[in-house]
Amino acid sequence: MTVILEHMKGAIFDLDGVIVDTAKYHFLAWRSLAGELGFPFTEADNERLKGVSRMRSLDILLETGGLSFGEAEKLAMAEKKNRLYVEYISQLDESELLPGVSAYLTWLRTRGVAIALGSASKNAGFILDKLNIAGLFDTVVDGNKVLRAKPDPEVFLTACRELGLGPQDCVVFEDAEAGVAAGKAAGMYVVGIGRPELLKAADLVVSGLHEL
Ligand code: BG6
Ligand code: MG
């Protein structure tokens, strides 16, 4: 593996798509909302929502259906979708951790690397508890803590500050294009998790943490 990974002092992980595959539950919940509004929503449409904040996801969904609503109605819709999503993720347990997650995070800890979560999700704390891995993180920066969504670097800059490190000492692990862009904008080395053709801006791309 690269020299950078050998020498990192801080590792900042995205949640959805890196630690756990929650995209399928987001999809089921958004598709149910689209169904109620009277239009189809496919898994291909769902790709556009990865890494994107809840309200921006709703805007993209409504755009797909060619509909527009006022702010109050949109807030009510986002809350409804989230209630359904939370029902799905209430069933999560350790068996849904993506391959290599526990081993890699535990290995980093034994090497003294500080670990942060850097996620757009407002459900991050709940999900980490369900997966029983909250104790592996030194700090959790999620959608409740930051104002500007990825590709803005705020979430990663906040995480590295909370770890007491500088951007040059931190490595970001991300599966979404917007997240890779956020990591690069923060001045960090970025490991893309997924397909190289979709994550061209990443410094290195692997299929999952099990490869590292
Ligand atoms: C990101 C997901 O991690 O969190 C997005 O990739 C999601 O798909 C976003 O919209 C916000 O999540 P939540 O849990 O706050 O609705
Ligand atoms: Mg993600």
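Order of listing sets the numbers, starting from 1, for every ligand and every atom in it. These numbers come from the heavy atoms of this one structure, side chains and all, not from hydrogens, waters or symmetry mates.
In this structure, Y88 and Y25 have parallel ring planes: the angle between them is below the 30° cut-off, well short of the 60° mark. Aromatic ring pairs are classed by plane angle as parallel below 30°, tilted from 30° to 60° and perpendicular above 60°; the pair F137 and F13 is perpendicular.
Ionic pairing of D14 and K150 is present here: one or more N-O contacts between side-chain nitrogen and carboxylate oxygen are shorter than 4.0 angstrom. With salt bridges taken as basic N to acidic carboxylate O contacts below 4.0 Å, none links K184 and E174.
Counting non-hydrogen atoms of other residues, nucleotides and ligands closer than 6.0 Å to NZ of K130 gives a total above 12.
Side-chain polar atoms of K81 and H26 form a donor-acceptor pair below 3.5 angstrom.
The number of protein N, O or S atoms lying under 2.8 Å from the Mg ion (ligand 2) is 3.
Of the candidates L98, L105, L97, L209 forms a side-chain contact (heavy atoms from CB on, under 4.5 Å) with just one, namely L105.
Shown here are the side-chain hydrogen bond (donor to acceptor under 3.5 Å, both in side chains) partners of D142, two or more places apart in sequence or in another chain: N144. Take K80 and apply the side chain to side chain contact (heavy atoms under 4.5 Å, CB included) test, not counting sequence neighbours, and it matches E36, R83.
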Protein N/O near ligand 1 N/O, under 3.5 Å, which pairs?
{"unit_1": "ligand 1", "atom_1": "3 (O)", "unit_2": "D16", "atom_2": "OD2", "d": "2.5"}
{"unit_1": "ligand 1", "atom_1": "4 (O)", "unit_2": "D16", "atom_2": "OD2", "d": "3.4"}
{"unit_1": "ligand 1", "atom_1": "6 (O)", "unit_2": "G51", "atom_2": "N", "d": "2.7"}
{"unit_1": "ligand 1", "atom_1": "8 (O)", "unit_2": "L49", "atom_2": "O", "d": "2.9"}
{"unit_1": "ligand 1", "atom_1": "10 (O)", "unit_2": "V52", "atom_2": "O", "d": "2.7"}
{"unit_1": "ligand 1", "atom_1": "10 (O)", "unit_2": "S57", "atom_2": "OG", "d": "3.2"}
{"unit_1": "ligand 1", "atom_1": "14 (O)", "unit_2": "S121", "atom_2": "OG", "d": "2.7"}
{"unit_1": "ligand 1", "atom_1": "14 (O)", "unit_2": "N123", "atom_2": "ND2", "d": "2.7"}
{"unit_1": "ligand 1", "atom_1": "15 (O)", "unit_2": "R54", "atom_2": "NH2", "d": "3.0"}
{"unit_1": "ligand 1", "atom_1": "15 (O)", "unit_2": "K122", "atom_2": "N", "d": "2.6"}
{"unit_1": "ligand 1", "atom_1": "16 (O)", "unit_2": "R54", "atom_2": "NE", "d": "2.8"}

